[in-house]
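Comments concern the structure below.
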Amino acid sequence: MSEILLTDFEKKVLQELEKVPLGRVTTYQNLANKVGKPKAARAVGNALNKNPWAPRVPCHRVVKSDGGIGGYVFGVEKKIALLKKEGVAVRDERVINFEKIVF
DNA sequence: CTATTGACGACAT
DNA sequence: CATGTCGCCAATA
């Protein structure tokens with residue numbers, strides 16, 4: 001049963017997130033900007049939290065604009081582990097490879 | 001419609 | 001650099 005229980009805003013966010021290639025990370029602010037609402041970074045985070053396709057969409061590649069790890073439905077620790085595995089350097093819940101961020 | 005909440009951001013201290 | 005305060009937006013009760 002596949003029905004859309006998501007709003008346009010959430011759909012846009014998830015669609016943009018799907019475009020993020022492996023080994024790279026994006027920011028909530030950047031996603032918000034892509035959906036046409038550069039000030040809705042907070043709402044973007046909420047959208048990911050409701051994300052029904054957690055593993056399908058790379059929600060673990062989203063970090064805060066200042067390099068913070070942010071959050072993760074399965075636990076921040078899990079998110080960090082995944083990022084490191086994909087080639088993103090992280091240290092104390094903080095992304096180091098800022099160059100790896102997709103703008 | 002109003003109030004509350006939340007994976008955020010920028011700025012002040 | 002860490003913490004606190006305000007602002008901004010969308011979803012939900």
Side-chain angles (χ1 to χ4, degrees):
Chain A
M1 311 273 296
S2 10
E3 305 198 28
I4 47 170
L5 3 119
L6 301 176
T7 65
D8 294 324
F9 182 77
E10 295 176 329
K11 283 192 276 190
K12 283 180 186 168
V13 174
L14 295 171
Q15 282 164 26
E16 291 300 323
L17 182 53
E18 283 183 285
K19 299 177 187 172
V20 179
L22 193 153
R24 294 256 153 84
V25 283
T26 188
T27 66
Y28 298 96
Q29 179 88 75
N30 189 359
L31 283 170
N33 191 14
K34 286 185 185 241
V35 301
K37 291 175 184 217
K39 301 258 172 111
R42 212 170 191 175
V44 169
N46 277 339
L48 298 183
N49 184 267
K50 290 170 111 183
N51 171 287
W53 309 304
R56 167 166 170 181
V57 113
C59 23
H60 59 271
R61 291 183 201 146
V62 187
V63 293
K64 300 215 297 185
S65 122
D66 60 333
I69 280 299
Y72 195 51
V73 182
F74 301 108
V76 180
E77 302 288 328
K78 192 81 175 175
K79 181 172 182 179
I80 295 173
L82 281 165
L83 289 172
K84 285 178 146 185
K85 197 161 191 180
E86 295 189 350
V88 181
V90 181
R91 167 131 109 173
D92 290 328
E93 304 196 4
R94 215 93 211 162
V95 176
I96 302 171
N97 303 18
F98 227 78
E99 303 291 321
K100 297 236 181 193
I101 297 183
V102 180
F103 285 110

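Hydrogens, waters and symmetry mates play no part in the numbers below; they use all other heavy atoms, side chains included. Proteins come first, then strands; the chains are lettered A, B, ... in the order of their sequence lines, and each starts at number 1.
- Looking only at distances, a side-chain donor or acceptor of A:Lys79 sits under 3.5 Å from a matching main-chain atom of A:Val62.
- Within the 4.0 angstrom heavy-atom criterion, no nucleotide atom of any strand lies near A:Thr27.
- Per the geometry, CD1 belonging to A:Ile69 stands 12 Å off P belonging to B:dC8, to the nearest Å.
- With distances taken from any side-chain atom of A:Ala41 to the nucleotides C:dA10, B:dA7, B:dG9, the minimum falls on B:dG9.
- Evaluation of the side-chain contact (heavy atoms from CB on, under 4.5 Å) rule for A:Lys84 yields A:Ile80, A:Val90 as partners, not counting sequence neighbours.
- The distance from atom CZ of A:Phe9 to atom P of C:dC8 is 16 Å, rounded to the nearest whole Å.
- Distance, A:Lys64 NZ to C:dA2 C1': 12 Å, rounded to whole Å.
- DNA chain C is contacted by both A:Asn46 and A:Arg42; A:Arg42 maps to the nucleotide lying nearer its 5′ end (nearest heavy atom per residue).
- Shown for residues 78-103 of chain A: no residue has heavy atoms falling under 4.0 angstrom of DNA chain C.
- A donor and an acceptor atom never sit less than 3.5 Å apart when one is taken from the side chain of A:Tyr72 and the other from the base of B:dA7.
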N/O-N/O pairs, protein side and nucleotides 10-13 of chain B side, under 3.5 Å:
from   : atom 1 : to      : atom 2 : distance (Å)
B:dA10 : OP2    : A:Ser65 : OG     : 3.2

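- A:Val62 comes within 4.0 angstrom of no nucleic acid atom, judged by non-hydrogen atoms across all strands.
- Summarising the geometry, the separation between CG on A:Leu14 and P on C:dA10 is reported as 15 Å, rounded to the nearest angstrom.
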